Trainee: 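Attaching a single structure in structure tokens format; questions to follow.
Predicted model only: the values in this text are computed from it and were never measured. Heavy atoms only: backbone and side chains are in, while hydrogens, waters and symmetry mates are out.
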Amino acid sequence: GKPSGLSTLNILRSMPHLTQLRAAINQTVIDDFTAARDAVRELDVGYRKIWDFGRSWDPDAYAAQPRSLSEIRRDLVLQRNWKASLDRMKTNMAVGCLQVDAKPLRAELVPVTAAALERIKLLLLNMARQATLAVLDDITARIQMLAARPTGLDEFVNYMVLHTAQLDDRKLLSSQVGQVDDMYESLAAHEQKVPTADQVKHDDLTEALATFQLQLTEGKEFIADNKESQSTTLTANVSSVNEELRGVIDSLHTGKYVDASSDPDDVVSDLEAMLQHISGLGEALGLYNQYLGLFDAATDDLSTLMMAEKEANGRYQLWRSVRDFLEQSRAWTEEPILDDDGLVLLNVEAVRQEVEDYAAKAYKAAKANKDDQVVSRLKDVVDDFKELLPLVEELGNPALQERHWIEMFNIIGADIATNEDGTGFAPFSIRQLLQFDLLEQLDKLQVVGAAASKEAGLEKALAKMQSDWDGVSFRVVEYKDTGTFVIAGTDEVQMLLDDQVVKTQAMRASPFIKPLEAAALSWEK
């Protein structure tokens with residue numbers, strides 16, 4: 001059978017020292033696990049952001065987003081710091097009786113920072129390349145412009161303006177070149193190899209900036225050496241323009257411009273061309289004044305230009321008034337008086353107003369230039385037409401009808417043909433009628449015109465009386481309970497009827513009612 005007696009395990013468990021030792025060992029294991037967990041937490045705190053970055057970073061999206069040099073520098077520093085942190089990571093940590101192995105974590109994170117760092121450096125390299133080419137092209141173009149040595153005045157002034165602008169841009173260009181230098185310095189700091197072609201362009205940019213500075217200095221010397229001679233040319237040009245303007249002024253007081261017998265159309269055309277020429281000379285003087293300001297010289301006061309403009313425009317307005325009034329008067333006297341329906345085309349009020357306006361112009365011009373033959377011509381043509389104005393007013397009377405025209409033609413002995421259909425008249429003008437001594441018969445024509453106006457007034461009154469009945473209605477109502485109907489509300493109708501009977505009787509008493517007598521009698525009945 002089994003041996004009897006005390007159990008060794010029980011004996012050991014009952015020993016106080018051994019119990020204490022066992023408890024101490026258990027506590028040590030627990031403490032080591034706690035410390036290991038703390039170590040893992042430290043790794044998580046230190047490297048979680050790298051892991052999160054690796055999961056979310058999209059290199060293509062990063063490259064597609066425009067970024068400044070400062071932003072790229074910041075990102076490079078961040079990646080480099082992360083790489084250094086990974087390099088310092090303890091991958092095998094003994095924690096009491098336990099060991100924490102961080103090698104898998106490091107192996108996963110190192111490629112993240114390496115790839116991001118490489119991609120950002122390549123992006124910076126491309127930015128540096130593009131910036132270098134852009135700034136180099138800009139400076140090269142500026143050098144070519146500054147290298148020019150113009151001899152003409154306009155080109156020399158443009159060069160002065162260009163040189164001043166380049167001086168103003170000098171700091172800007174130096175800043176742009178400095179930014180390119182910073183890009184390459186950043187690449188070098190992060191151990192990025194720069195292709196030989198890019199290094200050559202970078203060196204060309206540095207040399208181009210130095211050449212630009214040299215061209216500014218040489219350009220300044222060129223301007224100083226030639227400014228005096230160009231200033232002399234400028235002064236001569238201003239004098240030449242003013243001399244030409246004085247010649248224009250002198251020409252306005254000779255030849256066709258003061259000869260009252262000249263053709264107005266021809267003179268107006270020439271004066272329009274002259275005004276355009278003066279405008280061009282004014283533009284030249286304006287430009288030269290700008291040049292004088294750049295040369296720190298006194299500008300032209302433009303007095304000769306203003307005098308030429310004033311005299312040319314005054315002469316132009318005078319001749320245009322002559323031309324326009326002659327054209328208007330021809331239209332009034334030579335175009336048909338009646339339209340196809342026999343109505344008067346002339347607007348007598350408009351004609352009278354225009355004649356008054358031109359008479360006022362002639363009077364004003366005569367006060368300023370009483371000895372001017374052209375002013376006298378304007379006054380004469382206006383006065384000549386004013387003599388015809390009473391006749392025009394009579395012939396332009398809108399009340400004239402066919403019967404009145406026949407009466408007038410009989411007075412002056414004019415044989416005006418009728419239209420092919422026998423109604424109305426073939427087109428005729430005032431000029432055509434003047435051959436029948438209209439002015440000598442003006443009194444008789446005025447009698448006809450006055451009668452026509454009176455008759456038109458009577459005709460209008462008859463039409464008004466007829467229209468007064470529009471809308472008038474007779475209301476029929478039942479009379480009490482008789483079953484018969486009577487007209488109600490006749491008071492207003494009776495008043496209107498009585499008023500019109502009186503008016504009609506007065507019309508019939510008028511000496512001008514004869515052409516309308518039948519209509520008036522019919523209305524009275």
Side-chain angles (χ1 to χ4, degrees), residues 135 137-177 208-255 257 270-317 368:
V135 179
D137 288 344
D138 183 27
I139 294 179
T140 301
R142 293 170 185 262
I143 291 172
Q144 290 176 350
M145 290 187 293
L146 287 170
R149 294 296 179 262
T151 57
L153 175 61
D154 293 333
E155 294 78 10
F156 182 80
V157 172
N158 289 336
Y159 184 85
M160 289 176 60
V161 174
L162 167 70
H163 188 270
T164 300
Q166 301 309 311
L167 284 174
D168 294 339
D169 290 345
R170 180 171 46 183
K171 289 184 179 179
L172 173 63
L173 294 176
S174 296
S175 174
Q176 291 175 345
V177 173
L209 181 61
T211 303
F212 174 76
Q213 300 283 8
L214 178 61
Q215 285 293 341
L216 283 176
T217 301
E218 293 179 353
K220 182 179 180 180
E221 295 172 353
F222 168 73
I223 292 173
D225 291 342
N226 292 273
K227 192 171 184 179
E228 183 176 353
S229 62
Q230 294 291 350
S231 178
T232 302
T233 301
L234 175 57
T235 302
N237 287 357
V238 172
S239 298
S240 176
V241 171
N242 280 319
E243 184 63 29
E244 187 171 354
L245 287 169
R246 283 188 287 270
V248 169
I249 295 172
D250 291 342
S251 70
L252 289 168
H253 299 282
T254 60
Y257 304 116
D270 282 358
L271 286 171
E272 287 175 347
M274 179 183 290
L275 285 170
Q276 290 183 349
H277 180 58
I278 292 173
S279 177
L281 294 175
E283 291 178 0
L285 276 181
L287 182 62
Y288 289 155
N289 269 347
Q290 294 180 24
Y291 291 178
L292 289 167
L294 293 173
F295 281 85
D296 298 322
T299 57
D300 185 78
D301 62 4
L302 305 181
S303 58
T304 307
L305 171 65
M306 290 186 288
M307 178 61 71
E309 289 175 336
K310 179 181 178 181
E311 294 210 12
N313 191 60
R315 185 59 40 177
Y316 171 71
Q317 295 298 333

Trainee: So do the side chains of L234 and V157 get within less than 4.5 Å of each other, counting heavy atoms only?
Mentor: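 L234 does not reach V157 side chain to side chain.
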
Trainee: Quick one: side chain to side chain contact (heavy atoms under 4.5 Å, CB included) partners of T164, sequence neighbours excluded?
Mentor: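 Testing T164 for side chain to side chain contact (heavy atoms under 4.5 Å, CB included), a comparison that skips the adjacent residues, returns D168.
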
Trainee: Once rounded to the nearest 0.5 Å, what's the spacing between atom CD of E311 and atom OG of S251?
Mentor: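 Taking CD in E311 and OG in S251, the distance rounds to 9.5 Å.
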
Trainee: Keeping H163 on the side-chain end and L216 on the backbone end, is there a donor-acceptor pair under 3.5 Å?
Mentor: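 Yes.
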
Trainee: Does the side chain to side chain contact (heavy atoms under 4.5 Å, CB included) test come out yes or no for V238 and Y291, once each step is laid out?
Mentor: CA-CA 11 Å; V238 172; Y291 291 178; over 6 Å; no

Trainee: Which atom pair, heavy atoms only, marks the closest approach of A312 to M274?
Mentor: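 Taking every non-hydrogen atom into account, CB-SD, 4.3 Å.
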
Trainee: Measure from the side-chain N and O atoms of Q230 to the backbone N and O of T151, and report whether any donor-acceptor pair falls under 3.5 Å.
Mentor: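 Yes: the side chain of Q230 pairs with the backbone of T151.
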
Trainee: So S174 and F212, do their side chains get closer than 4.5 Å, heavy atoms only?
Mentor: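 The answer is no; the side chains never approach within 4.5 Å.
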
Trainee: Between atom CG of L252 and atom OH of Y316, what is the distance when rounded to the nearest 0.5 Å?
Mentor: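 Spacing of CG (L252) from OH (Y316) equals 14.0 Å.
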
Trainee: Against D300, only a single residue in T235, L305, L285 fulfils side-chain contact (heavy atoms from CB on, under 4.5 Å); can you say which?
Mentor: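 Looking at T235, L305, L285, the match for D300 under the side-chain contact (heavy atoms from CB on, under 4.5 Å) is L285.
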
Trainee: What distance separates F156 CZ from R149 CZ, expressed to the nearest 0.5 Å?
Mentor: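 The CZ atom of R149 is 10.5 Å from CZ of F156, to the nearest 0.5 Å.
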
Trainee: Nearest heavy-atom pair of Q215 and L146: which atoms, and what distance?
Mentor: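 The answer is OE1-O, 3.7 Å.
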
Trainee: Can you tell me how far the CE atom of M160 sits from the CG atom of N158, to the nearest 0.5 Å?
Mentor: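 Rounded to the nearest 0.5 Å, the CE-CG separation comes to 10.5 Å.
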
Trainee: What distance do R142 atom CZ and L209 atom CG have between them, rounded to the nearest 0.5 Å?
Mentor: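 Atom-to-atom, R142:CZ and L209:CG are 11.0 Å apart.
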
Trainee: Return yes when atom CE of M306 has more than 12 non-hydrogen atoms of other residues, nucleotides or ligands closer than 6.0 Å, and no otherwise.
Mentor: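 Atom CE in M306 is packed in, count exceeds 12.
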
Trainee: In Å, rounded to the nearest 0.5 Å, how long is the span from CG of N313 to CD1 of I278?
Mentor: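 If I round to the nearest 0.5 Å, the distance is 9.0 Å.
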
Trainee: Can any side-chain N or O of R315 pair as donor or acceptor with the backbone N or O of Y257 at less than 3.5 Å?
Mentor: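 Yes, the answer is positive, given that a donor and an acceptor are paired below the 3.5 Å cut-off.
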
Trainee: Could you tell me if the side chain of T140 sits less than 4.5 Å from the side chain of T211, heavy atoms only?
Mentor: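 No, their side chains stay 4.5 Å or more apart.
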
Trainee: Quick one, I143 with I139, criterion side chain to side chain contact (heavy atoms under 4.5 Å, CB included). Give me CA distance, side-chain angles, the key distance, then yes/no.
Mentor: CA-CA 6 Å; I143 291 172; I139 294 179; 3.9 Å; yes

Trainee: Start with the C-alpha gap between D138 and L173, add the side-chain angles, then the distance that decides, and say whether side chain to side chain contact (heavy atoms under 4.5 Å, CB included) holds.
Mentor: CA-CA 9 Å; D138 183 27; L173 294 176; 3.6 Å; yes

Trainee: Below 4.5 Å, heavy atoms only, C-beta onward: do E283 and S279 meet side chain to side chain?
Mentor: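 Yes; the side chains approach each other to less than 4.5 Å.
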
Trainee: For D137, check side-chain hydrogen bond (donor to acceptor under 3.5 Å, both in side chains) against everything at least two apart and list the hits.
Mentor: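 Here no residue qualifies.
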
